[in-house]
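Note that the structure is predicted; figures quoted are calculated from it, not measured. Chain letters run A, B, ... following the sequence lines, proteins first, then strands; residues in each count from 1.
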Number of protein chains: 2
Amino acid sequence: MTNKEITIKDVAKRANVSVATVSRVMNGRDRVSDATRKKILKIIDELNFVPNTMAASMVNKKTNMLSVVVPEIQNPFYTAVIGGMVEIAKHAGFVTLVVSTNDDEVEEAAFFESFLGKNVDGIVLVGTHKDAEFYRNIRKPTILVDRYINDCGHDGVIIDNFRGAYDATKHFVECGHERIAIIDGAHDYNDGKDRYWGYHQAMHESRLTPDPKLHKQGKWLEEDGYRFTVELMQSEQPPTAIFAANNVICTGAIKAIRDLNLHIGEDISLIGFDENELAQFVRPRVTVVGRPTREMGIQAAEMLIQKIKEPPKGQAKLKKMILDVELMKFDSVKKLNES
Amino acid sequence: MTNKEITIKDVAKRANVSVATVSRVMNGRDRVSDATRKKILKIIDELNFVPNTMAASMVNKKTNMLSVVVPEIQNPFYTAVIGGMVEIAKHAGFVTLVVSTNDDEVEEAAFFESFLGKNVDGIVLVGTHKDAEFYRNIRKPTILVDRYINDCGHDGVIIDNFRGAYDATKHFVECGHERIAIIDGAHDYNDGKDRYWGYHQAMHESRLTPDPKLHKQGKWLEEDGYRFTVELMQSEQPPTAIFAANNVICTGAIKAIRDLNLHIGEDISLIGFDENELAQFVRPRVTVVGRPTREMGIQAAEMLIQKIKEPPKGQAKLKKMILDVELMKFDSVKKLNES
DNA sequence: TTGAAAGCGCTACCAT
DNA sequence: ATGGTAGCGCTTTCAA
C-alpha cells in the first residue's frame, strides 16, 4: 500500500550491480559494458524508475532551470519577452519558470529567498527594485531586461527609450505640432525617465518650450492614460498632440478620445510607445514607437545561457545591449503644416 | 578567492554548537535556550548564511512551490486564472511558478519530466493532453482547470460551458433570430464540445434546425474567427447572428465586421464567450458569456492547498467544481421581433 | 568495466 | 537544552 518511491538503489539491487553503475548508464558519459547497460536499462523501464533530480542537483549544483521574473504577467509586453526567452531556453535544454512580482519589491525579494530563487541556474529579470544594492546581492547569472540600473553588477538588454520618444516628438513637430503633451508615469526607472527626456530634448531642439501643463505624470496605468487625456482635452488650451509614453497609457488615451467623441488624427494626434491591441485596431491606426519585444527575450536568454556555460572569470566588463526602436507611422498624426 | 558557499556546519563551528542546534533555531519549532538562540542568530547574520532549501527538501519532501501549467501565456483568460491562483498560494506560503506549454503535448510532458515538474508540491493544470491516461500518471496533488477529462483521477474546477452557450443562443432566439451561426474550434476538450452542444440544444428546443453551413469549425484562433466571419457574411444567405465560441474568435469576428464595414447590432448580431478587450471597447459593446476567470484560479488554488495539507486517504471521491457563467447583455444583439 | 564509499547540506531521531 | 548521527538519493573519485 505504501507507494514508496523507487530509487537508484532498487534498480541496482535488482540488477545485481552497484548504484555507481546504474548512475553511469543514466548519465551516459562513463563507459559501461554493453551487456550490463542493456540489463540496467531494461530494469529501469520495468520498475518505471525516474531519478530524483533534486538529489542529483545537490551534487552537481545545477538544475537546468531558468527563471524570468516580470512585474506583471498581464502586460503583453512582458508576455512577449517571456515568449522569446522560453523558446531559446527550451532549445538549450532549460525549463523556464515565469514569476510575476506584481511590481512589488517585497514579492520580488521573496522570490529570491524561495526554493525557486535559490535553485535556478540563471535569471532574466525585469526588476522592480530601484536600488543597485539589491541587484548586486544576486549571486547568480542574471540579465536585466528593459529596466536597467547602473552599477547593478549585471548585464542588460534594453532599448533606446530616449530615441524612441525623441523620434515620436520630432515627428509631431515635423507635422507642424507645437502644443505637444506627454502622459507618463513615475521616473523610477531609466526607461520612463529616458522617454521623458527624449521628448524634452526634441521639444527644445525645435525651439518649443514644453508647457508644464502638458506634462501629465501619474502611474503607468490605463486609468491614468484615460484620466489625463480627458483632463488635457477639456483644459483651456488643449494640446494638438499627445505622446502616450507606454502601451497601457496609450490604451487609456484611445478609450478617452473615443468617449469624448473626438477623432484620432483629426481632433487630436496621438503617438504611443510600444504596440498594443487597440492602437492596431482603431482606424486610423495609431502611430507607435515599436520595440522588438520578443527579440529582447531572445537576446537576454542567449546572453544568460552563454554566461551559465562560461562563467566570466574575475571581473568581466558588463555588457549592456541596446536594441533599436522604430517609429511605425500610420495616420494618427495630423499634418498641420499642409495647405 | 573561492567563494565557497557557507553552510550550517560553518555556523555550528563558529558558535561552538552542533548542527542540530543550528537547525533547531532555524526552524523554530524545537526549543533552544535563549542564550544560544541569540548567539546563533547573530552568527547567522554575520556570516550571511542562507540555508540550502534543496537539502532541506530532500529530507522533508516538500518545496513549498506550486506550479500552474497553461497552454498559452498570451491569452488573458489564462493570465487571469494565474493571477487568482498566485494570490491564494502566496498567502498560504507557496511560491507559484508559471509554465506555458504552447498547447503542445510534448512540451507539457517535458515539464513533468523536468526538475520543476518533479519537485513542486502541487499543480494547477490546464491540460493539453486528450487522454485520461496521461493525467492518471501524475502522482502529485493536481487540480485540472477549465479543460476536464473524465477518469483522469484528479479534481477539477470548470465552468458551465453548456449553459453559457445555451443561454447565448436562447438570447438570440428571443430576439427573433433564426439564422444563428456558430464559430468554434476542435472539440478536443469538453469545454469546446459542450459549447457546441449547448448551442445545438438551444436551437432544437426552439424548433430551429441548425444550418450546417452556419457552423464554422476551425481552430480556436483569432484568424479563424476573422476568416469565418468574412465567409459567413459574404455567403449567399448570411446569418443574422454569430456566436463566437471563445474570446479570440470573438476578437477576430469583431475585426472582420469592422473591415467589412458592417455594424454590430445592426447588420449583424454577435455574442462572444468570455470577456475580451475589444468586445468591451467597441460600441455598442459586445454581449458575452462572462465567466469567473480569476475565481477559477482562486478555487483551484484553494482545493490544491487543501489537498496538500490533508492528503486524501485511500480512494476519495473526485470533486468537480462547476462555476456559473452569466450572460452579460449589451447591445450587440438586434431585436428582430420588435415593430 | 565495476564497486565501495565519501560526500552534497540539511533534518530528525535517539541519547545524554 | 543540546549533541551525535543516520539518512534523503544521487554523483564521483579511488581502488580493484
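In this structure, the CE atom of Met26(B) is 7 Å from the C1' atom of dC10(C), given to the nearest Å. Rounded to an integer number of Å, the gap from Asp30(A) CG to dG3(C) C1' is 13 Å. Distance Glu5(B) CD to dC8(C) C1': 12 Å, rounded to the nearest Å. Across the protein-nucleic acid pair, Ile6(B) atom CD1 and dG9(C) atom P stand 11 Å apart, rounded to whole Å. Protein atom CD1 of Ile8(A) is 16 Å distant from nucleotide atom C1' of dG7(D), rounded to whole Å. Taking atom NZ on Lys118(A) and atom P on dC10(C), their separation rounds to 10 Å, with Å as the unit.
Atom NZ of Lys319(B) has 12 or fewer heavy atoms from other residues, nucleotides or ligands within 6.0 Å. Other residues, nucleotides and ligands place no more than 12 heavy atoms under 6.0 Å from the NZ atom of Lys42(A). In Lys62(B), the NZ atom is not crowded: 12 or fewer heavy atoms of neighbouring residues, nucleotides or ligands sit closer than 6.0 Å. Within 6.0 Å of NZ in Lys193(A) there are 12 or fewer heavy atoms belonging to other residues, nucleotides or ligands.
Across residues 38-65 of chain B, Met58(B), Val59(B), Lys61(B) each have a non-hydrogen atom less than 4.0 Å from an atom of DNA chain D (numbered order). Of the residues in residues 12-25 of chain B, those placing a heavy atom less than 4.0 Å from an atom of DNA chain D are Asn16(B), Val17(B), Ser18(B), Val19(B), Ala20(B), Thr21(B), Arg24(B), in numerical order.
Under the 3.5 Å distance criterion, the side-chain polar atoms of Asn27(A) are left unmatched by any main-chain donor or acceptor of Arg29(A).
The side chain of Lys9(A) contributes no N or O atom lying less than 4.0 Å from OP1 or OP2 of dC10(D). Phosphate contact (OP1/OP2 of dT2(C), side-chain N/O of Ser33(A), threshold under 4.0 Å): present.
Scanning both residues, His129(A) and Tyr135(A), for their nearest heavy atoms gives O-OH, 2.7 Å.
The terminal axes of the helix from dT1(C)-dA16(D) to dT16(C)-dA1(D), fitted over 5 pairs per end, subtend an angle of 40° to the nearest 10°.
Under a 4.0 Å N-O distance rule, the pair Arg136(A)/Glu133(A) qualifies as a salt bridge. Of the charged side-chain nitrogens involved, at least one lies within less than 4.0 Å of a carboxylate oxygen, so that Arg291(A) and Asp146(A) count as a salt-bridged pair. In this structure, Arg147(B) pairs ionically with Asp103(B), as a charged nitrogen and a carboxylate oxygen lie closer than 4.0 Å.
When heavy atoms are screened at a 4.0 angstrom cut-off, Asn27(A) is found touching the sugar-phosphate backbone but no base atom.
With ring centers used as reference points, Phe134(A) lies under 6.0 Å from Phe112(A).
The side-chain hydrogen bond (donor to acceptor under 3.5 Å, both in side chains) test with Thr63(B) singles out one residue from Asp121(B), Asn119(B), Thr53(B), and that residue is Asp121(B).
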